[in-house]
Amino acid sequence: MHSDVADRRSVAISALQHYLFCPRQCALIHLEQVWQENFLTAHGRQLHERADSGAPESRKGVRFERGITVNAPKLGLHGQLDLLEYHTKSSTYLPVEYKRGKPKATNVDKVQLCAQALCLEEMMATQVEVGALWYWQTRKRLEVEIDAALRAQTLALLEQIQNLFRQGRTPQPEYGKHCKSCSLYELCQPKLMQGDRSSAYVSAMFNLDEK
């Protein structure tokens, strides 16, 4: 990435998923500090709280640490891991992220996991090749390879969010099916905002004055 470390704000790992869902939602949460829960977010929060609350333990050569805070200043990333596995035999780290739904067709969950791996690599001076996603709805664990393509997608996404933070402007809404499941729907009012022509009216008025 070409941005100077001093000029960029550290991005929460959760912002990557918010941005892929909707850039406006990402800005509302991480720039304007707006938040409102619905059933989906409340359920997800409770799932993460349960996952993060367990005590460290070791089983069959694997050390389990929960609720681990990670920070990567060089990348400009920070966040929290639901579960970190340390495999003593191979001396490898494996991040595990808990999700309330089921595996998705896009990489929206995988980039969040990859961001966790990138943080671990910077903090621990190690290489993280595999992570895992555990889905509450299917009760299944999906291993994810942290390959070059996923890393490139994650870093490109991180750059987009850092640019958004530098600009400091919340994008206009683009109403779609995803809006119905957004906890910020009532605060965002995407249909009303899309119909608001006041800014265009003001711009046109000033343009007329210049003629």
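Just the heavy atoms: all of them, side chains too, but no hydrogens, waters or symmetry mates, feed the values below.
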| remark: Between the CD1 atom in I68 and the CD atom in Q116, the distance rounded to the nearest 0.5 Å is 11.5 Å
| task | With sequence neighbours excluded, tell me which residues meet side-chain hydrogen bond (donor to acceptor under 3.5 Å, both in side chains) with K104. | result | D109
| field | Contact summary for L77 and C119, nearest pair of heavy atoms | value | CB-SG, 3.7 Å
| E159 side, atom CD; R166 side, atom CZ - distance, nearest 0.5 Å | 5.5 Å
| Test log, rule side-chain contact (heavy atoms from CB on, under 4.5 Å), inputs V70 and L120 | CA-CA 7 Å; V70 291; L120 286 170; 4.1 Å; yes
| task | Quick one: pull up CG in L113 and CG in L16 and give me the separation to the nearest 0.5 Å. | result | 11.5 Å
| request: Report the distance from atom CG of L164 to atom SG of C26, rounding to the nearest 0.5 Å. | output: 6.0 Å
| field | Whether T88 side chain and G61 backbone form a donor-acceptor pair below 3.5 Å | value | yes
| message | Would you say that R9 contacts Q162 through its side chain, given a criterion of any heavy-atom pair below 4.5 Å between the two side chains? | response | no
| request: Would you mind listing every salt bridge (charged side-chain N to carboxylate O under 4.0 Å, His left out) that reaches into residues 125-150, with sequence neighbours excluded? | output: E85-R141
| query | Would E97 and Q17 count as a side-chain contact (heavy atoms from CB on, under 4.5 Å) if you check the C-alpha gap in whole Å, the side-chain angles of each, and the deciding distance to 0.1 Å? | reply | CA-CA 13 Å; E97 174 70 11; Q17 193 171 48; 6.0 Å; no
| said: Could you check whether any side-chain heavy atom of Q80 comes within less than 4.5 Å of a side-chain heavy atom of S14, counting everything from C-beta outward? | reply: no
| field | Considering all heavy atoms, the nearest H78-S10 contact | value | ND1-OG, 2.8 Å
| query | So how far is it from I13 CD1 to H18 NE2, rounded to the nearest 0.5 Å? | reply | 12.5 Å
| CA sep, side-chain torsions, deciding dist, call: L155, L118, side-chain contact (heavy atoms from CB on, under 4.5 Å) | CA-CA 9 Å; L155 291 173; L118 293 173; 3.9 Å; yes
| Taking every non-hydrogen atom, the tightest pair across T154 and A115 | CG2-N, 4.0 Å
| 4.5 Å side-chain heavy-atom contact, T138 and P103 | yes
| said: Using the side-chain contact (heavy atoms from CB on, under 4.5 Å) definition, which of the options L150, L158, T106 pairs with V111? | reply: L150
| Any side-chain heavy atom of H30 sitting closer than 4.5 Å to one from F165? | yes
| field | Evaluation steps, side-chain contact (heavy atoms from CB on, under 4.5 Å), between Y86 and E65 | value | CA-CA 8 Å; Y86 177 68; E65 297 277 353; over 6 Å; no
| query | Can you name the closest pair of heavy atoms from L83 and F64 and give their distance? | reply | CD1-CB, 4.0 Å
| Distance (rounded to the nearest 0.5 Å) between R63 CZ and E57 CD | 8.5 Å
